[in-house]
Amino acid sequence: RALHLAVASNFIAPIKQLAMEFQQETGNDITLSFGSSGKLFAQIQHGAPFDIFLSADVAKPEALIKNRLAEPNSLVIYAKGKLALWSVHPMTGSLEDVLQRAHRIAIANPKLAPYGKAAKESLMSLSQWDTVKTKIVQGENIGQTYQFVYSQNADIGFVAYSQVLAGDIKGDIIAIPSQRHSKINQAAVVVSQSKNKELAKQFMAFLMRPDIQTKIARFGYSTAAD
Amino acid sequence: MLLSPEDLGAIWLTLKLASLVTLLLIVLCTPLAWWLARTQSWLKGPINAIVAMPLVLPPTVLGFYLLLLLGPQGSVGAFLGQIGFSALPFSFAGLVVASMLYSLPFVVQPIQNAFIAIGTKPLEAAATLRSSPWDRFLYVALPLAKPGYISAAILGFAHTVGEFGVVLMIGGNIPYETRVISIQIYDHVEALEYGQAHTLSLLMMAFAFIVLAFLYGNQKRQKHHVVAGGVL
Amino acid sequence: MLLSPEDLGAIWLTLKLASLVTLLLIVLCTPLAWWLARTQSWLKGPINAIVAMPLVLPPTVLGFYLLLLLGPQGSVGAFLGQIGFSALPFSFAGLVVASMLYSLPFVVQPIQNAFIAIGTKPLEAAATLRSSPWDRFLYVALPLAKPGYISAAILGFAHTVGEFGVVLMIGGNIPYETRVISIQIYDHVEALEYGQAHTLSLLMMAFAFIVLAFLYGNQKRQKHHVVAGGVL
Amino acid sequence: MNLPTDNMLCVQIKQPATSQSSFSLDVDLLLPSTGVTALFGASGSGKTTILRHIAGLNISQHSHVSLNNNIWQSAGGSVPPHKRPIGFVFQEGNLFEHLTAEGNLRFAMKRANTGSSIIAFDEVIELMNIRGILTQFPAQLSGGERQRVAIARALLIQPQLLLMDEPLAALDETLKQDILPYLEALCHRANIPILYVSHSLDEVIRLADHMVVLEKGKVTEQGAVHSLLGKLGTSFSRYQDASVVISGVVTKQEKQWGLSWLEFDNQTIAFKQGNESINDTIRLRIQSKDVSITLSKDNHSSILNHIEAIVDETERDPQDPSTIRVRLLAGNTPILAKVTALSAHRLALKKA
Amino acid sequence: MNLPTDNMLCVQIKQPATSQSSFSLDVDLLLPSTGVTALFGASGSGKTTILRHIAGLNISQHSHVSLNNNIWQSAGGSVPPHKRPIGFVFQEGNLFEHLTAEGNLRFAMKRANTGSSIIAFDEVIELMNIRGILTQFPAQLSGGERQRVAIARALLIQPQLLLMDEPLAALDETLKQDILPYLEALCHRANIPILYVSHSLDEVIRLADHMVVLEKGKVTEQGAVHSLLGKLGTSFSRYQDASVVISGVVTKQEKQWGLSWLEFDNQTIAFKQGNESINDTIRLRIQSKDVSITLSKDNHSSILNHIEAIVDETERDPQDPSTIRVRLLAGNTPILAKVTALSAHRLALKKA
Ligand SMILES: Nc1ncnc2c1ncn2[C@@H]1O[C@H](COP(=O)(O)OP(=O)(O)OP(=O)(O)O)[C@@H](O)[C@H]1O
Ligand SMILES: Nc1ncnc2c1ncn2[C@@H]1O[C@H](COP(=O)(O)OP(=O)(O)OP(=O)(O)O)[C@@H](O)[C@H]1O
Ligand SMILES: [Mg+2]
Ligand SMILES: [Mg+2]
């Protein structure tokens, strides 16, 4: 039986590579399903046949544990996101200047996406939120936010550093210091209904192995150790 | 059942959007449907197919391509910019355009079929009664195509109300401007605020049910004014 | 232009799903459309409205409710489980059910309008020729409603192909099983694999274009076999 | 009811006026289930509606329809149209637009009562002269062509009762001359009763044995054509061409002149030879306007037939003062003549 | 062409056969643009098609249609149907199903040429006897009612040329008797020429001044009804009721008998009084089957009219050996008689 992973959409590219490596190492097949964390959460609640849930946040895996839908002790932080302000065109001057000059600022929906929440917190801690509020357009998730900037409909946007690394347009990046926002931790849990818990635990261990964590970092994340 | 001001704003926006889109679509689709119903041109097949094309792509993906096309770098966007239009994405106008594109086939098709069903006889009769092409279109073809228009309005309206992916992409989810009710419900669901999602969904369905039941109830069997005692 | 095995799997799944859904819908909608076209019952308005209801909700939200309903805790799901059916969510069968629900109005409406346009005369003539209700339905009503069926098939098929929110929610995006091409394209976009997304989108549009152009091209002006020299 | 309805078409219809239409129908007909019955009446008098009730296309609770004691409609229920062994030629043709002319005919043939295939495809095609248009769709046919296909279709269903709603209205004389005798022969050969709506008295008299005159949804006259035509002053005689029908036996035929002679009531009358044979009993119609009255037997005229008769009754037409209708009796056989008032005056015609 | 087409309806149509239809039309008509012209011909001979070309509903490149020198169709182009001042009564009625009977009439009135409102709403309603059904939809009308509404609609558009495709086919005698004289009067009063398709020779002769006989898309006869009816052996005389039309002056009227007398060629003939007055020039039709030939003048007969004539020609009908057609000359006026061969033999009729 293949191990079935439910993975938040922002982690598609890394997980594809990791799954391949796991397969090569152990000979076990892996099936990947993607979706927003909210959808995957609802699906697990209603009996989706997943073994492991790799969320884009910590809250949802915790909620699953609380509802006895996930193994209590299985939760791990497998990746930490890095927030970046990105533009296709060069950005000059201070962060404040850039924000003031922009016409449209893309962020992910703060209510739904950890990157969105982080972006909002950063803006607030920079005391910019109130002045730029009206210029903000929201992507449903971090993928859409990226597309807003990519298509240049928004001149700048708060995206994941991992996206900028993966994308075909590099543009200009300003890294946002991580102390300006709460951590963008991505947690994984083993689903209670899994009929493959042994393998699942094996994969969780694999995921947290230092060499694998290094690989994750190369996609633009901070590792669990940071 | 308390609705937040944001919910109310979304409802209002949705109604405005759906009504406007339906209205514009009906106006614009009428000549297109007319042409498609009457022409013998080889272009008929291809154009019909193009009309249905937006349906085939997932809405968010369609939205992405629209963003590319309408953005400052996109051919259409650049052109619109040059002739002095403000950018369409992230505006209500953009929502209207995107929704129209996506609901187009549901409005064209019923009207087109209704025009086909009319045939040429009533139009010929009108022509011999000094009715110009325009006049006979207005006073003969349109009234006879009424059932098709009702269908078109219903499908177009309902589809625009529920439409979501394209609107999300093009609209940028700006409260009171582009955040329609479907996005609002979606947000509630994604944020696991299921209670609010249920309330809004129920409200929306109830409203739609009343509107639709009324519209359909009024759609008579126009073709045959009931035959006394007829059995078929 | 190389397609991955997953892409090919998604394409195959999509064709299977869309064909099956269209076929089933046409079969199931026919009696419903017939009833709606002929009845004088007060239930007509409400039932027509209910058919259009799924349209009003955003697809993912609709998918969410289907999940609630069909999941092991849901009333329908529990019932199906009791009578020995395997669970519908996260299976191909579930996709079929969900897509049917969502594309229903696009299939019912054109067929219903086509039936209305037939009127009673041909059916009366058939009845006097010893044609039973069933026989005259098959050999008179169906052939005369052909344009409506073509519309229904096109809209139903295209809408199922592009549909995405419901399918994602109810299907769970499982490769080779519920990951249809629209989800695949969506995933490519999310993973910023725009090249692959473009390729797949183009392919899909090209394919759909050819199929639709062909279908429409064959849709003759059945009602009027061209009048020699007729001008209207 | 203990009426002898064995060989009868029994039609009682009460269709009340509705909010849709002020028209109400109230008829009670007992018609012989052989031969041709004509339904005659002004436009809008309810002829089509009666046929629809008999076919089962309209039903009303208080109706009763039966043919040879097979009840089709009664308070107890209604036999659906497709189970009634009828053929219906609609006033508007009602061909299937999605089928060619031939397709329309085949539609009927496939569903025909195979037990009684009396009417053959080729025969009907030939008669209706529609071989050349079989591959055309109804929209590609002329009005008369459509009507002929509709008649052919109704015949090919092999009906036990033929309902014809002005089937020949769009046809020219020549075609009518071809089709009418065939219908006549048919109803005898196959024993198919025909209920025939027509505005043409000519057609009616040529074809019908029995006739029903309708006015505003009510029957004003019904009976044998024979007796109705001979009656003066019925609502029927308002129609221009009053006539009588006489029956008799063919006694002589002269091929050289193309004539046959009929004997009735000790009188003989010559007529154009048809396909009758000596000793056949046949009917002839004599139109009142073709009868002139002479007091002396004159042999220098091209008028061939002279019948001795006495004047039974004379009536002035209230609407047309120039005309007098004279009822004559040749033995016991009534004959009607229409003459000018002036002639009647000159000849001093009065009841003998 | 330098033809004097000032007061002419000129119709040249060449519609070739197509892959759709083997029917081809090739006609060249020059018709007077006053009075009534009848189009006569078998079913499928192309009558409807000609009307459609005149109305502009069909067009073909090689056609030429003009009325009083206004060119509607030529190689140079085509005036669209709605700009041709015609009224068209379709063979199938073609009422607008979404409008009531009154709605249909108002549709026409709103678009009528207001300059020439000769035909009034109330007058037409009354004549067609459709006041009672004005609020009904076409689907709620009887066949004849639909046809009457269609005629009314075509009249209310105030046409300058009326095209009528069997307008009276579904109407009963009584209605025809009401409508025909009106149409006749109308075309005189308003000077509206009428092109009239009919299968009924009676109607044709009653109404028409000019007539065109069609066969398989070709014209076989055309000319004044007057002269066509008098010709023997034309394709036209195959139609049962050959007749002649005589013109003359009304010389006497006797109200008492409801008769008028017409004088022509030094002969007089009595006829049923209409609304003609003394000294009017009018036309009468004499059907050949109503003419009997006698060698002696006999005063004891109810036959009122006796005309002295000589036998000009006799012809045996090849299809009907029992009948001889005799052409007589009363002065210069031809009169046709149809007598049995036997009578002709007995009277020894031959060319004088
Ligand atoms: N739309 C069409 N397509 C092909 N053929 C046609 C079409 N309409 C008419 N025809 C053919 O053209 C011929 C002439 O038709 P038309 O309607 O002019 O006849 P008509 O003289 O009016 O006959 P009727 O007295 O039966 O109405 C017919 O043989 C008919 O089959
Ligand atoms: N569907 C209907 N709804 C309401 N009234 C109707 C309907 N059909 C017919 N009528 C009315 O019923 C009356 C009788 O109609 P019917 O068709 O039986 O007349 P008809 O005798 O066949 O006349 P025609 O000779 O003109 O065809 C008419 O006055 C007509 O207006
Ligand atoms: Mg009728
Ligand atoms: Mg015709």
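So that the names make sense, note that chain A is the first sequence line, chain B the second, and so on, each numbered from 1.
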When the 4.5 angstrom heavy-atom criterion is applied to B:Y186 and chain C, the contacting part is both

Between B:A213 and C:A49 the two heavy atoms that sit nearest each other are N-CB, 3.6 Å

Within residues 11-21 of chain B, the residues sitting under 4.5 Å from chain C by heavy atom, in sequence order, are none

Pair C:L212-B:V51, side chain to side chain contact (heavy atoms under 4.5 Å, CB included): steps then yes or no:
CA-CA 10 Å; C:L212 294 184; B:V51 165; over 6 Å; no

When rounded to the nearest 0.5 Å, the distance separating CG of B:N48 from CD1 of C:I154 is 6.5 Å

*asked:* Run the side chain to side chain contact (heavy atoms under 4.5 Å, CB included) test on C:H159 and B:F106 for me, step by step, so that the C-alpha distance in whole Å, both residues' side-chain angles and the decisive distance to 0.1 Å come before the verdict.
replied: CA-CA 10 Å; C:H159 195 246; B:F106 303 121; 3.7 Å; yes

Rounding to 0.5 Å, atoms OG (C:S103) and CG (B:L55) come to a distance of 9.0 Å

Evaluate the criterion side chain to side chain donor-acceptor pair (under 3.5 Å) for residue pair B:Y65 and C:S201; output intermediate values, then yes/no. CA-CA 10 Å; B:Y65 287 124; C:S201 294; 3.2 Å; yes

Okay, B:V189 and chain C: the region with an atom under 4.5 Å from a heavy atom over there is side chain

Heavy atoms of C:N113 and B:P110 approach each other most closely as ND2-CB, 4.5 Å

Atom CZ of C:F137 with >12 non-hydrogen neighbours under 6.0 angstrom: yes

NE2 (B:H198) and CG (C:L68) are apart, to the nearest 0.5 Å, by 6.0 Å

When every non-hydrogen atom of B:G162 is compared with those of C:P59, the smallest separation belongs to O-CD, 3.6 Å

ask   = Hey, mind stepping through B:M205 and C:V56 against side chain to side chain contact (heavy atoms under 4.5 Å, CB included) and telling me if it holds?
value = CA-CA 7 Å; B:M205 306 243 309; C:V56 176; 5.5 Å; no

Rounded to the nearest 0.5 Å, the CG atom of C:L155 sits from the CD atom of B:Q109 at a distance of 4.5 Å

Looking only at C:I47, C:V61, C:I181, C:V161, the option with the highest number of non-hydrogen pairs under 4.5 Å against chain B is C:V61

Going by the angle between their ring planes, with limits at 30° and 60°, are C:Y194 and B:F64 parallel, tilted or perpendicular? tilted

